[in-house]
Each structure stands twice: as C-alpha cells, then as structure tokens.
There are 2 protein chains.
Amino acid sequence: MKPLSIKDIALKAGVSITTVSFILNGKAKEKSISDAVIKKVQKIITESGYKPNQVARSLRTGNTNIIGLIVEDISNSFFSRIARLIEDKAYKKGYKIIYSSTENKIEKAQELINIFKSRKVDAYIISPVKGLEEDIQVLIDENIPVILFDRNLPELKTNYVGANHFEASYQATESFIKQGKKNIALVTTDIDVQQIAERFEGYKKSILDHTISYQKDLVLNIPFKQNEDETITQIIALLTNSNVDAVLFATNYLAISGLKALKQMGKKIDSNFAVIGYDDHEAFELHTPSISTIQQPLEEIAEAIIKLILAQLSSKAKLPDQKIVISAKLILRN
Amino acid sequence: MKPLSIKDIALKAGVSITTVSFILNGKAKEKSISDAVIKKVQKIITESGYKPNQVARSLRTGNTNIIGLIVEDISNSFFSRIARLIEDKAYKKGYKIIYSSTENKIEKAQELINIFKSRKVDAYIISPVKGLEEDIQVLIDENIPVILFDRNLPELKTNYVGANHFEASYQATESFIKQGKKNIALVTTDIDVQQIAERFEGYKKSILDHTISYQKDLVLNIPFKQNEDETITQIIALLTNSNVDAVLFATNYLAISGLKALKQMGKKIDSNFAVIGYDDHEAFELHTPSISTIQQPLEEIAEAIIKLILAQLSSKAKLPDQKIVISAKLILRN
DNA sequence: TTCGTTTAGTAAAACGTTTTACTATTTGAT
DNA sequence: ATCAAATAGTAAAACGTTTTACTAAACGAA
C-alpha cells in the first residue's frame with residue numbers, strides 16, 4: 001500500500017511523467033500541454049488524492065520550504081508568542097517551521113545549526129547565544145538567509161530585528177525618577193548578550209542623566225542557571241538590606257520571581273515602592289496592584305522578521321543587510 | 001561552493017561510495033571493512049566537516065526522523081510547555097519536531113495533516129479537533145504512529161494520553177462543597193471536545209452526589225471564538241445576578257478572564273467566595289490571594305507521549321493501542 | 001512544395017543517499 | 001593441493017521528483 005507516485009499518475013493518464021510534473025507545477029501552458037490533457041491529468045490527480053512527495057522534491061530542487069527557528073526556550077511566553085506569529089505568517093506563504101530550544105548553551109545551539117543544515121532548511125531565524133558567531137558566519141557565507149532577533153551579535157554582518165532595549169529601560173528608569181524615586185534597583189541576569197547589556201546601560205544612563213548617583217550595589221546580577229528559590233532569596237536580601245524604593249526587572253521571569261519574593265516578604269507595592277517588569281506577562285495585569293511593564297511589540301517584530309526572510313528567499317541576489325530596531329512601549333499601570 | 005557529498009569523500013579517500021556509506025552508518029564491521037580504511041575515511045570526514053544530506057537519506061530510507069506536532073495554539077502555555085518537554089525528549093533520540101497550530105479549525109487541521117504527510121513525517125502527536133476522525137484514520141490505516149493527547153476522539157482506535165478531567169473537576173467541586181459552598185458555578189467553553197465535556201460531567205456528578213441540586217443557570221458556556229471583553233462581561237453578569245459563592249473555571253484562559261472580571265467588579269476572593277482554575281498559570285500563584293487550581297502533570301504527559309511514540313517507531317509490528325489516563329492534581333492554595 | 005515555426009509532448013539525467021547482489025582475494029581445514 | 005568460508009570491498013539500482021534537451025507532427029508563409 002505504498003503511496004501513489006507521479007509515475008502512477010502518469011501511467012493512469014497514459015502520459016509521460018514529465019507531462020504530469022509540468023501540470024503539477026503550473027508550467028503546463030508554458031510547455032504547451034493541451035487543455036484536454038491538462039484536464040484529464042488533473043482529474044486523475046484529484047480523484048486519486050495524489051500528493052507529491054516533498055522529500056523527493058526537496059532533493060531535486062534544493063528547497064525544503066522549511067524555516068528553522070532557534071530560540072532559547074519555546075516554553076517562554078515571549079518566544080512562544082513570537083513563534084506563533086511567525087508560524088502563521090510563514091504558513092500563508094507555504095513555509096513550515098521547525099524549531100528547537102538552545103537553553104542558552106553554545107554547544108546545543110551549534111548542534112542545532114548542524115542538524116538544520118543537514119536537513120537543508122531554507123532559512124534561519126535565530127535568537128542567538130554569544131559564541132555562535134562563527135557558526136552563523138558559515139551560514140551567511142553559504143548565502144543562506146539568516147535573521148537574528150531579540151539578541152544581536154554586533155560583529156556579524158547580517159539581518160537583525162529587535163526592540164530598543166536601551167531606550168526602553170532608560171524611559172522606565174526615568175519614569176521612576178519622575179515619581180520621585182531615589183534608590184532605584186535593577187534586577188538583571190548575568191547572561192552575556194547585548195540586549196541585556198543595553199537594558200543595564202539604559203538604566204545607568206538614565207540615573208546619571210538625572211544627577212542621581214549610580215549605586216553599584218543596587219544592581220543585582222542573577223546567574224542564569226540558578227534555580228528560582230535561590231533567586232527569590234537574593235531579591236529578598238536586596239530589598240531588606242537597603243532603602244530601595246523602586247525596582248526595574250530586566251526579564252519577565254525575573255519580575256515573576258520578584259513578585260513572588262515580595263509576596264513572601266509581605267511587602268506591598270504602593271506609593272512608597274514601585275516596580276516595573278519587562279516583556280508583558282498575564283500575571284502583571286492581574287496582579288494587585290497591576291504591574292507596569294516594558295512591552296515589546298511582538299506583532300511588529302514577527303512581521304519584520306518574516307518580511308526580511310521572505311524578501312531574501314524570493315530574491316536570487318543577496319540583499320543588503322538590515323538592522324531593524326523597534327521601540328518598546330512602557331505600559332504604566334496604576 | 002556546493003556542500004560536500006559522499007562522493008567527494010569517497011573520491012578523496014580513494015574508496016567506493018558504498019564503503020563510505022557503510023562507515024557512516026556504523027555498518028563497517030559487519031560489512032568487513034578493514035580498520036585501516038575505516039580510520040582513513042573517518043579522518044577525512046571529520047577534517048572536511050562533511051555532514052550527510054538528510055533529505056537524500058530520507059528519500060532513500062523513507063524515514064525523516066521528524067515528528068509532527070499538531071496543537072491548538074503553540075502560544076498557549078499548556079501547549080508550549082508540553083512542546084518543550086516533548087522536544088527535549090525527542091531530541092535525545094535524534095528526532096526533531098515540526099509543529100503547527102490548528103486554531104481549532106477542522107480545515108486547518110486537515111491541511112496540516114496533508115502537509116505533514118507529504119513531508120513524510122515519521123509520527124504524529126495530535127491534540128485533535130472533532131471532525132478530524134477520518135483524516136487520522138487514514139494515517140492509522142497507513143500504519144503511521146499516531147498519539148492523540150489532551151483530547152481524545154473516542155471512536156478512534158489509537159493511542160491517547162491525557163489527564164482524568166472527570167475526576168479532577170469532581171474533586172475540585174467536592175472541595176468547594178466541603179468548604180460549605182452552596183451555589184457553585186462552572187465557567188466553561190462551548191468547544192465540543194470530550195475533555196471539556198468530562199469537566200462538566202465531573203462538576204455535575206459531584207454536585208448531585210452531595211445532594212445539592214444542580215442549577216443549570218450556574219453553568220456559563222463561553223463561545224470559543226468570542227473576544228475576551230465579551231467573556232468578562234458575561235462572567236460579571238453571572239456573578240452579579242446570583243448568589244454564587246464559588247466558581248470553577250474549565251480552562252486557564254477562562255480563569256484568567258474570570259480574575260480580570262473580579263478585578264473590574266472589585267469583588268474579593270475570601271472565605272465567602274472561592275475560585276478554582278484549570279491548568280496552572282503563573283498568575284495563579286502570584287495572585288492575591290493565590291488561586292487554587294487543577295494541575296495537569298505536564299512532565300508525565302510528555303513522558304508518556306514520547307514513550308509511546310518511540311515504542312511505535314522502533315517496532316516493526318503494530319503495537320496494541322494504549323489509552324493512558326493520568327490523574328490531575330488539585331492544588332489548594334490559601 | 002519547401003522549410004522555418006509553433007505545438008505537443010517525451011526520454012533521460014540529476015539530486016545524494018542506502019542497500020542488494022556481486023567479485024576477488026585470503027585464510028584455514030582436510 | 002583443494003575448496004569452502006571468511007574477508008574486503010564495489011557497481012549499480014532505487015527512492016520520487018524536476019528539468020534539460022530532444023523529437024515528431026502540424027501549420028503557415030513563400
């Protein structure tokens with residue numbers, strides 16, 4: 001009971017394989033196949049339910065119509081939402097997504113690129129890890145479309161789509177200052193990516209620009225691999241030992257941990273103590289009181305990514321690289 | 001600058017393609033290739049960085065080592081978490097995941113199955129929509145491994161992994177009753193899947209078993225496609241017009257909407273009014289007060305799915321179908 | 001009538017593997 | 001010395017497409 005092949009269809013229709021192929025690919029007119037034959041073959045195709053074998057097709061044409069998506073963790077809502085938006089848009093153009101999570105490990109990411117390469121994916125969408133530069137450069141050299149997103153690797157000449165993290169955390173910090181906050185803490189992570197660095201820089205610059213002195217011990221660097229309980233403990237320590245009156249969290253997961261810490265401490269968010277999160281999360285709006293946050297425009301980011309990818313895929317020549325930086329929005333909730 | 005092929009390696013090593021292939025596939029010993037040749041060829045392979053073309057391999061062997069994952073919406077945290085767990089486990093066995101979201105639309109789901117079919121995925125993991133029975137039956141008839149999860153299609157003889165929704169909502173309702181609640185509402189959805197029906201049945205049975213009379217107007221059926229504002233309005237109406245003292249929400253998104261509704265109403269959750277959600281969500285723990293919920297054991301579900309899949313994939317003969325029902329846990333938070 | 005053009009279609013190579021069936025040499029037992 | 005078995009390896013078919021280069025017939029203009 002093997003699936004039908006183009007050969008079977010050709011046999012049934014009494015024409016050559018070539019003819020069937022031309023008809024399947026809409027080249028019938030151009031190749032001067034008569035209407036009668038076209039109709040006959042098409043009838044047989046629909047009646048038999050024949051579907052071309054994409055694997056064979058890919059081998060012959062070199063295109064798989066698959067886009068590889070490499071993210072840190074697909075179960076993180078930021079990535080899963082982006083993935084969904086990208087999937088939708090890609091699907092409409094006949095592309096499918098194959099994805100994998102790197103867990104922020106270089107070796108895992110490298111392996112993924114290799115696997116995707118041998119699978120001959122047509123293009124890559126990567127939220128990269130530092131240390132991946134060489135591997136990505138190889139892809140670029142082979143003229144395979146690559147779009148980085150969320151995190152940039154500045155030394156790489158390629159496409160990038162992401163939010164303006166510097167500006168966003170600058171503004172968030174500034175909003176604290178305008179509320180009269182004096183001791184503004186930043187809870188961030190130690191993963192070494194540009195985007196996290198930018199969030200720190202925006203915070204620092206804002207503090208210095210407003211003639212508040214920058215206090216190093218108000219910045220908490222949480223080790224990436226650390227388990228949550230430990231993180232909560234550290235946040236509690238930060239908040240008990242000092243007179244912090246505002247906290248900016250650099251990722252949504254840190255903010256969630258932060259809120260848990262506050263809950264454990266019994267510390268309330270009110271006019272004396274303010275909090276801003278990063279990347280929206282349903283818990284923020286629902287929290288009592290609602291939590292303000294820096295919101296990345298997911299839809300716009302996904303849109304930009306897919307536009308870049310499709311442009312590359314449909315153009316024979318290599319297109320000029322683009323770095324697209326989209327403003328994040330500070331959502332102030334009372 | 002085409003990538004290296006097995007031919008190039010054979011040429012460089014001065015052996016036949018066959019020999020290289022045997023070495024690549026670990027059949028060298030069995031096919032009596034000398035150690036000297038094996039070493040030489042392996043050296044050339046690692047030095048040149050040659051990676052076999054998986055597309056060609058798939059065409060020849062008929063196996064793609066790709067598992068198709070079809071869910072309602074990958075951005076829903078229940079599915080994205082499951083996806084991540086499945087991905088991890090599959091990855092370790094050399095399988096990759098290709099996924100797509102059905103948005104609960106039959107046509108979309110059918111199309112997805114067709115696309116995956118022409119892509120020759122080795123196995124399917126499907127959270128199905130009603131109406132997909134025939135299409136899935138075709139897969140089963142072709143002897144392709146299929147695992148349904150989350151939602152069962154009872155008339156289909158195939159594998160299924162899911163939680164015991166009847167039991168879970170029975171227990172949740174019972175816990176309300178033990179707290180002395182008299183007017184327990186259920187907020188559920190109108191999507192026509194067994195799993196949702198079971199949640200309703202568990203609720204109803206529990207009410208009747210405890211000699212409380214079942215009040216039809218305490219069950220709110222939210223249309224699936226409805227936007228959230230409308231849903232919130234309906235929930236508010238339910239809660240203002242009656243003397244409801246407890247609410248069970250049948251999905252996590254409904255619970256989130258419910259909490260938003262309560263916030264808008266200014267209604268507090270306390271000893272006079274209790275709430276239980278479904279499928280955990282970070283917002284539940286963080287909420288003030290914390291929200292009790294029915295938690296599906298994601299890890300166990302993913303584990304069961306992958307175990308079934310791998311068993312099928314590695315056995316030539318068709319294995320007997322299994323329906324695995326895992327107890328959900330009622331997490332009571334104060 | 002002749003010959004270039006258009007129409008209608010096909011044969012066969014190619015994509016990069018795996019695998020079957022084969023050959024040639026060496027070994028070892030009698 | 002003979003021959004079966006083991007060792008070491010290879011040629012070529014096959015997987016299911018697309019595409020290039022070709023042929024044969026019909027047409028139209030001179």
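Residue numbering restarts at 1 for every chain, and letters A, B, ... go by the order of the sequence lines.
For the pair A:Glu30 CD and C:dA8 P, the interatomic distance rounds to 14 Å; values are reported in whole Å. One interatomic measurement links the two molecules: CD1 of B:Ile23 to P of D:dG9, which rounds to 9 Å at whole-angstrom precision. Taking atom CZ on A:Arg119 and atom C1' on C:dT17, their separation rounds to 14 Å, with Å as the unit. At whole-Å resolution of the value, CD1 in A:Ile6 and P in D:dG16 are 11 Å apart. Distance NZ (B:Lys51) to C1' (C:dG16): 16 Å, rounded to an integer number of Å. Atom P of nucleotide D:dA6 and atom NZ of B:Lys29 are separated by 17 Å, given to the nearest angstrom. Going from atom CD1 of B:Ile45 over to atom P of C:dT17 covers 10 Å, rounded to whole Å. One atom, CG of B:Leu24, and another, P of C:dT19, lie 12 Å apart when rounded to the nearest Å.
Within 6.0 Å of atom CD in B:Glu155, more than 12 heavy atoms from other residues, nucleotides or ligands are found, so the atom counts as buried in its surroundings. Shown here is B:Lys307, whose NZ atom has no more than 12 heavy atoms of other residues, nucleotides or ligands within 6.0 Å.
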Test salt bridge (Lys or Arg N to Asp or Glu O under 4.0 Å) on B:Glu111 and B:Lys105; report intermediate values, then the result.
CA-CA 10 Å; B:Glu111 202 186 334; B:Lys105 293 186 196 142; over 6 Å; no

Which is it for A:Thr19 and A:Ser16 under the side chain to side chain donor-acceptor pair (under 3.5 Å) test, yes or no, and what are the steps along the way?
CA-CA 5 Å; A:Thr19 302; A:Ser16 75; 3.1 Å; yes

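Nearest to the side-chain atoms of B:Leu59 among the listed nucleotides C:dG16, C:dT19, C:dT17 stands C:dG16. When distances are taken from the side chain of B:Val37 to each of C:dG16, D:dT18, D:dG9, the shortest belongs to D:dG9. Among C:dG16, D:dT18, D:dG16, the nucleotide with an atom closest to any side-chain atom of A:Asn25 is D:dT18.
Between A:Tyr50 and D:dG16, a side-chain N or O to OP1/OP2 separation shorter than 4.0 Å is absent. Look at B:Lys31 and you won't find any side-chain N or O under 4.0 angstrom from OP1 or OP2 of D:dA8. Contact annotation: A:Ser34 does not reach the phosphate of C:dT7 (side-chain N/O to OP1 or OP2, under 4.0 Å). The side chain of A:Ser21 contributes an N or O atom lying less than 4.0 Å from OP1 or OP2 of D:dT18.
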Between the protein and nucleotides 10-14 of chain D, list every N/O to N/O distance that falls short of 3.5 Å.
unit_1 : atom_1 : unit_2  : atom_2 : d
D:dT10 : OP1    : B:Ser16 : N      : 3.4
D:dT10 : OP2    : B:Ser16 : N      : 3.0
D:dT10 : OP2    : B:Ser16 : OG     : 2.9
D:dT10 : OP2    : B:Thr19 : OG1    : 2.4
D:dA11 : N7     : B:Thr18 : OG1    : 3.2
D:dA11 : N6     : B:Thr18 : OG1    : 2.9
D:dA12 : N6     : B:Thr18 : OG1    : 3.4
D:dA14 : N3     : B:Arg60 : NH1    : 3.1

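Not a single ring pair (Phe, Tyr, Trp, His ring centres under 6.0 Å) links B:Phe116 to another residue, sequence neighbours left out.
Under the 6.0 Å distance and 45° angle rule, B:Lys96 does not count as a cation-pi partner of A:Tyr99.
For the salt bridge (Lys or Arg N to Asp or Glu O under 4.0 Å) condition, the pairs that include at least one residue of residues 56-79 of chain B, sequence neighbours left out, are A:Arg84-B:Asp73, B:Glu72-B:Arg151.
Within 4.0 Å of A:Ser32, counting heavy atoms only, lies at least one base atom of the nucleic acid.
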